[in-house]
2 protein chains.
Amino acid sequence: MYYICRMKSKKLYNRITLLRQERGISRKELAERIGVNFQTIGYLERGEYNPSLNLAFNLSEVFELPVEFIFSTEPMKPLSSELYNKSKK
Amino acid sequence: MYYICRMKSKKLYNRITLLRQERGISRKELAERIGVNFQTIGYLERGEYNPSLNLAFNLSEVFELPVEFIFSTEPMKPLSSELYNKSKK
DNA sequence: ACATATTGTTGTATATTTACAACAATATTT
DNA sequence: AAATATTGTTGTAAATATACAACAATATGT
C-alpha cells in the first residue's frame with residue numbers, strides 16, 4: 001500500500017527495450033519466457049523500479065548476455081559506440 | 001508482516017562469506033562499505049533471501065568482481081577447481 | 001578463564017518489487 | 001478506417017527484501 005515516492009535505491013539503467021526489440025518480441029512474450037507478469041517488463045523498461053537479482057539472472061539467461069551488459073549503474077552507451085571501441089582495441 | 005513461507009523465488013548461491021573472509025573483514029565492516037545493515041549480510045550469506053540487483057552491484061563494486069562471480073543460480077564450485085580449470089585452458 | 005568481538009535467532013516494522021485488473025493511448029496490420 | 005496488438009497509466013494486493021533491536025551462541029584475543 002505504498003504508491004508514492006518510489007526508487008530510493010539508486011536508479012539503474014538497462015537495455016531491455018533495445019535487446020527485446022532486436023529480437024523482435026513483445027513485452028508479453030518476453031515476460032512469458034522469463035516467467036513474470038508482462039507489466040513488470042514495462043516497469044523495468046521505464047526504470048520505475050529495479051529488478052531482483054533473480055529477475056536479472058532470468059533476463060541474462062533469455063538474452064544470453066551477462067547481467068552487466070543488460071543493467072548498469074551508469075547510463076548506457078549506444079551499442080554502436082561500444083562495438084566501435086571494442087574493435088579498436 | 002510476513003514471517004513464514006519465504007523464498008518462493010529461486011534460491012541463488014553466493015560466495016560472500018568466502019570473499020569477505022579472504023579480505024579479512026567482518027560482516028559489520030562489509031555492511032558499512034556497501035551501505036547496508038550488517039544483519040542483511042548475514043541473511044544473504046545464509047541464503048535466507050536474495051539481494052536486489054542494486055545490492056548485488058554494490059557487492060560487485062566492493063569485491064571488484066562481476067556479479068556472476070559472486071552469485072549464481074547453480075551451486076558454487078570451490079575456487080580451487082575454478083582456478084585449476086582456468087589454467088588448463 | 002575472562003573479556004570482547006562476531007555470528008545466529010527471533011520478532012516486528014518498513015521499503016521495494018511483482019502481480020493483476022481495467023482502461024486509455026498509441027502503433028500496427030488488414 | 002476499422003480491427004487488433006502493444007504500450008502506458010492508475011489503483012490495489014501480495015511477496016520479498018531490508019532495517020533494527022534484543023539477546024543467545026560461538027569464536028577470538030588476552
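Reminder, nothing fancy here: chain letters follow the sequence lines and each chain counts from 1.
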Shortest non-hydrogen contact from S60(B) toward E68(A): OG-OE2, 4.5 Å
Non-hydrogen atoms of E45(B) and T17(B) that approach each other most closely: OE1-OG1, 3.0 Å
Base contacts versus sugar-phosphate-only contacts with protein, heavy atoms under 4.0 Å: please encode nucleotides 19-26 of chain D as B, S and - from 5' to 3'. SBBB----
Distance in angstrom units between [X] [atom1] and [N] [atom2], rounded:
{"X": "L30(A)", "N": "dT6(D)", "atom1": "CG", "atom2": "P", "answer": "13 Å"}
{"X": "K28(A)", "N": "dT4(D)", "atom1": "NZ", "atom2": "P", "answer": "15 Å"}
{"X": "I25(B)", "N": "dT7(C)", "atom1": "CD1", "atom2": "C1'", "answer": "15 Å"}
{"X": "E48(A)", "N": "dT18(C)", "atom1": "CD", "atom2": "P", "answer": "13 Å"}
{"X": "K10(A)", "N": "dT16(C)", "atom1": "NZ", "atom2": "P", "answer": "16 Å"}
{"X": "L53(A)", "N": "dA15(D)", "atom1": "CG", "atom2": "P", "answer": "21 Å"}
{"X": "F57(A)", "N": "dT16(D)", "atom1": "CZ", "atom2": "P", "answer": "18 Å"}
{"X": "L44(A)", "N": "dT18(C)", "atom1": "CG", "atom2": "P", "answer": "6 Å"}

Residue closer to the 5' end of DNA chain C, G42(B) versus P51(A) (nearest nucleotide): G42(B)
Sole residue of V36(A), L65(A), I34(A) in side chain to side chain contact (heavy atoms under 4.5 Å, CB included) with L59(A): I34(A)
Charged N to carboxylate O under 4.0 angstrom, E29(A) versus R23(A)? no
Kindly work out whether a path of hydrophobic side-chain contacts (I/L/V/M/F/W/Y, heavy atoms less than 4.5 Å apart) joins F38(B) to I70(B). no
